[in-house]
Amino acid sequence: MNPVNHVAIIMDGNGRWGIKRKNSRNAGHKAGLSVVELVINESIKQKIKYLTLYAFSTENWSRPQKEIKYLFSLLESFLNKQSDELHKKNIKLKVIGRKNFSLKLNTLLSNVEKKTSSNKTLQVNLALNYGSKTELLNAFRKLNKKKYKITEKNLIKCLQTKNIPDPDILIRTGNTKRLSNFLLWQIAYTEIFFEKKLWPDFNKNDYIKIIKIFKNIKRTFGNV
Ligand code: FPP
């Protein structure tokens, strides 16, 4: 049985869910946040060590200002309300992506990262203003600047995910089969699960089912 160490998720479908149910994309984001909490708790139960959540991509800046503002206010209130709880649950929070938000949000994110930095039960990587192409370009720039040899090992050291093992499982909800500039280097041998349900409808049983299927897959990593 394959161990599950790292799960990465593209939480797609909030907007469609919100429009369908409440005629508001933002209502979908709000509902999506409850699923984030559910998946964090179930990951702990399943003894998963890393959970990477794609919360805002470098491309998401092209969305309407109102939606962007709402997403960050949701994140801010989540951190304000949940940071003690995250810490109590021994969860480490790490941001991947460039923190170029308001001073208030940047400080809040850095404070929670600092406060939870020694926690060991589960590391939650929040991909915020994250794009895989930017991450790779910056890694190559760093190698070039430091005059390091371009090797796989050196490149990995320059990625934002250094010290984080590659995902075993990638889940994308929302009935769309694309990777949307997410962890392109890191998912070279990841098992990918495309889920028809929209993110706010994704539940504990769906998550457990995927983990169960994954555990029984024969992973060959190019071997036979
Ligand atoms: C993609 O769905 C989802 C996002 C861009 C945001 C994800 C945010 C959350 C799950 C809630 C907030 C999370 C935290 C950690 C505070 P979409 O809006 O592209 O959906 P669509 O494809 O239906 O338009």
Side-chain angles (χ1 to χ4, degrees), residues 7-44 50-87 89 91-99 101-102 104-113 115-116 122-132 134 170-183 193-204 206-207:
V7 176
I9 308 183
I10 303 175
M11 310 177 286
D12 193 23
N14 287 351
R16 277 167 284 163
W17 188 97
I19 292 291
K20 208 168 72 186
R21 302 281 181 108
K22 311 215 161 152
N23 202 24
S24 143
R25 291 183 53 83
N26 287 348
H29 294 310
K30 192 172 175 199
L33 185 56
S34 311
V35 185
V36 168
E37 293 174 4
L38 180 155
V39 165
I40 289 178
N41 290 333
E42 189 55 34
S43 299
I44 294 177
Y50 300 88
L51 176 68
T52 303
L53 302 171
Y54 206 7
F56 195 85
S57 75
T58 45
E59 289 75 26
N60 287 151
W61 291 110
S62 56
R63 293 189 173 207
Q65 267 309 308
K66 197 177 137 212
E67 182 169 339
I68 295 175
K69 250 178 120 176
Y70 184 78
L71 272 169
F72 291 131
S73 71
L74 207 59
L75 175 61
E76 208 175 294
S77 76
F78 170 74
L79 293 171
N80 278 325
K81 276 193 215 137
Q82 296 293 327
S83 75
D84 284 345
E85 197 57 30
L86 293 176
H87 191 46
K89 289 181 178 160
I91 293 170
K92 171 176 173 172
L93 186 96
K94 183 182 158 56
V95 174
I96 60 167
R98 198 156 74 85
K99 274 188 267 166
F101 315 112
S102 67
K104 198 168 147 207
L105 182 55
N106 284 348
T107 312
L108 183 58
L109 285 164
S110 298
N111 286 345
V112 181
E113 281 185 295
K115 177 170 158 170
T116 62
L122 171 72
Q123 176 168 332
V124 176
N125 305 307
L126 259 194
L128 283 173
N129 188 22
Y130 172 87
S132 192
T134 304
L170 170 69
I171 301 169
R172 180 179 187 132
T173 58
N175 201 19
T176 309
K177 292 182 178 149
R178 56 174 169 256
L179 298 173
S180 302
N181 202 10
F182 189 46
L183 303 174
F193 293 81
F194 292 109
E195 165 67 51
K196 286 202 169 107
K197 281 188 181 178
L198 304 174
W199 178 248
D201 288 329
F202 190 70
N203 64 37
K204 201 169 102 171
D206 299 321
Y207 192 37

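Along the sequence shown, residues carry numbers from 1. Whatever order the structure lists them in is the order used to number ligands and atoms, beginning at 1.
Between Val35 and Thr173 the shortest side-chain heavy-atom distance does not fall below 4.5 Å. Contact check for Leu79 versus Leu93: side-chain heavy atoms found under the 4.5 Å cut-off. Taking the side chain as every heavy atom from C-beta outward, Leu170 and Phe182 approach each other to under 4.5 Å. By the 4.5 Å heavy-atom criterion applied to side chains, Leu198 and Lys20 are counted as neighbours. The shortest side-chain heavy-atom distance between Leu75 and Leu105 falls under the 4.5 Å cut-off.
Closest to atom 15 (C) of ligand 1 among all protein heavy atoms lies Leu126 CD2, 3.8 Å. With hydrogens left out, the protein atom closest to atom 14 (C) of ligand 1 is Leu33 CD1, 3.7 Å, a heavy atom. Distance from atom 11 (C) of ligand 1 to its nearest protein heavy atom, with residue and atom name: His29 O, 3.6 Å. Looking only at heavy atoms of the protein, atom 9 (C) of ligand 1 is closest to Asn14 ND2, 3.4 Å. From the protein, the heavy atom lying nearest to atom 1 (C) of ligand 1 is Met11 O, 3.2 Å. Of the protein's heavy atoms, Arg25 NH1, 2.9 Å lies nearest to atom 24 (O) of ligand 1. For atom 22 (O) of ligand 1, the closest heavy atom belonging to the protein is Asp12 OD1, 2.9 Å.
Only the side chain of Trp199 comes within 4.0 Å of ligand 1, counting heavy atoms alone; its backbone N, CA, C and O stay farther away. The side chain of Arg63, and not its backbone, has at least one atom closer than 4.0 Å to an atom of ligand 1 (non-hydrogen atoms only; side chain from C-beta on). Residue Asn60 touches ligand 1 through its side chain alone, judged by heavy-atom distances below 4.0 Å.
For residues 75-85, the pairs satisfying side-chain hydrogen bond (donor to acceptor under 3.5 Å, both in side chains) are Glu76-Lys104, Asp84-Lys115, with sequence neighbours left out.
With hydrogens and angles left out, the side-chain atoms of Ser180 and Arg172 include a donor and acceptor closer than 3.5 Å. For the residue pair Lys89 and Asn41, a side-chain donor N or O sits within less than 3.5 Å of a side-chain acceptor on the partner.
At least one heavy atom of Ala55 sits less than 4.0 Å from an atom of ligand 1. No heavy atom of Lys30 sits closer than 4.0 Å to any atom of ligand 1.
Considering backbone and side-chain N/O atoms, Phe78 never comes within less than 3.5 Å of an N/O atom of ligand 1. In terms of N/O distances under 3.5 Å, ligand 1 is not approached by Tyr54.
For Lys204, the NZ atom counts as loosely surrounded, since its 6.0 Å shell holds 12 or fewer non-hydrogen atoms of other residues, nucleotides or ligands.
Using bins of under 30°, 30° to 60° and over 60° for the plane-to-plane angle, the ring pair Trp61/Phe56 lands in the perpendicular bin.
Per-residue contacts place Leu75 under 4.0 angstrom from the following atoms of ligand 1 (heavy atoms of the residue considered): 16 (C).
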